Amino acid sequence: KVASSSPMMVDHRVTDSSAKANAPSDEGEIVYVPYASEFQMPDIMRLMKADLSEPYSIYTYRYFIHNWPELCIMVNNSPRMKLHELKYVGAIVCKLELHNYNVRRGYIAMLAVDKNYRKKKIGSTLVKKSIHQMVANGCDQVCVVVGGYL
């Protein structure tokens with residue numbers, strides 16, 4: 001269900017808690033992995049800076065990622081490389097908080113996919129995996145604010 005107010009609200013009504021959204025999964029040479037260390041922060045910032053309409057400081061990234069690391073999912077195209085050698089081509093950064101004292105609301109804060117890897121359903125897959133992870137953590141609603149320049 002989608003509510004008619006902005007920001008867009010999705011009432012998930014999903015009970016599939018068996019989804020392992022942050023377990024590494026390989027789709028060909030595209031691999032979805034959870035945030036694991038500060039080594040990944042420059043890649044997250046690089047991806048977001050290229051696509052988002054407003055610049056964020058490292059403190060904004062750290063606020064989300066350090067408080068909700070399980071809600072940061074990254075995508076790489078090199079499944080056999082060491083953590084500090086990987087090339088990340090996509091990322092999603094989210095949070096999950098109590099809203100109005102009774103609703104656990106998930107929020108998709110940032111999403112980016114390298115322009116050379118678009119049209120491969122990476123962004124859609126990141127959103128689905130993050131929503132499944134939020135649901136597994138007791139989320140009642142998911143919110144995303146969409147905006148930018150045309």
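None of these values were measured; they are calculated from a predicted model.
A continuous path of ILVMFWY side-chain contacts below 4.5 Å connects Ile58 to Ile92, so both sit in one hydrophobic cluster. Leu98 and Tyr63 fall into different hydrophobic clusters, where Ile, Leu, Val, Met, Phe, Trp and Tyr are joined by side-chain heavy atoms under 4.5 Å apart, directly or via other members. Hydrophobic cluster membership is shared by Ile44 and Tyr117, with clusters built from Ile, Leu, Val, Met, Phe, Trp and Tyr side chains linked at under 4.5 angstrom.
Between Trp68 and Tyr35, the distance separating the two ring centers is not shorter than 6.0 angstrom.
Contacts of Asp51 classified as side-chain hydrogen bond (donor to acceptor under 3.5 Å, both in side chains), with partners at least two apart in sequence or in another chain: Arg118. By the side-chain hydrogen bond (donor to acceptor under 3.5 Å, both in side chains) test, Arg104 pairs with no residue at all, sequence neighbours left out.
With a 4.5 Å cut-off on side-chain heavy atoms, Arg105 and Asn100 do not count as touching. When side chains are defined from C-beta on, Met74 does not count as touching Tyr32, because their heavy atoms never get closer than 4.5 Å. With a 4.5 Å cut-off on side-chain heavy atoms, Asn76 and Val89 do not count as touching. Here the side chains of His66 and Glu38 are in contact, with some heavy-atom distance below 4.5 Å. Counting heavy atoms from C-beta outward, Asn137 and Leu71 have side chains that approach closer than 4.5 Å. Contact check for Val144 versus Tyr107: no side-chain heavy atoms found under the 4.5 Å cut-off.
Screening residues 88-97 for salt bridge (Lys or Arg N to Asp or Glu O under 4.0 Å), with sequence neighbours left out, gives Lys95-Glu97.
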Inset, instruction - Assess whether side-chain contact (heavy atoms from CB on, under 4.5 Å) is satisfied between Met110 and Thr60, documenting all intermediate values. - result: CA-CA 11 Å; Met110 302 173 213; Thr60 302; 4.1 Å; yes
Inset, instruction - Assess whether side-chain contact (heavy atoms from CB on, under 4.5 Å) is satisfied between Leu126 and Leu111, documenting all intermediate values. - result: CA-CA 8 Å; Leu126 283 167; Leu111 169 66; 3.8 Å; yes
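With values rounded to the nearest 0.5 angstrom, Arg62 atom CZ is found 8.0 Å from Met45 atom CE. Expressed to the nearest 0.5 Å, how far CD1 of Ile122 lies from CG of Asn77 amounts to 8.5 Å. Note that CG of Leu47 is 10.5 Å distant from OH of Tyr88, once rounded to the nearest 0.5 Å.
Nearest approach of Ala36 to Gln40, heavy atoms of both residues: N-OE1, 2.5 Å. Minimum interatomic distance between Val93 and Cys72 (heavy atoms only, all atoms of both residues): CG2-SG, 4.1 Å. Closest approach of Lys49 to Tyr61, counting heavy atoms only: N-OH, 4.3 Å. Summarising the geometry of Glu70 relative to Gln133, their closest heavy-atom pair is O-CG, 3.3 Å, with the distance given to 0.1 Å. For the pair Ala112 and Met48, the tightest heavy-atom approach, listed with the atom from each and the gap, is CB-SD, 3.6 Å. When all heavy atoms of Thr125 and Lys121 are compared, the closest pair comes out as OG1-O, 2.7 Å.
Judged by distance alone, the side chain of Ser130 and the main-chain N or O of Val127 form a donor-acceptor pair under 3.5 Å.
A salt bridge links Asp114 to Lys87: one of the charged nitrogens lies within less than 4.0 Å of a carboxylate oxygen.
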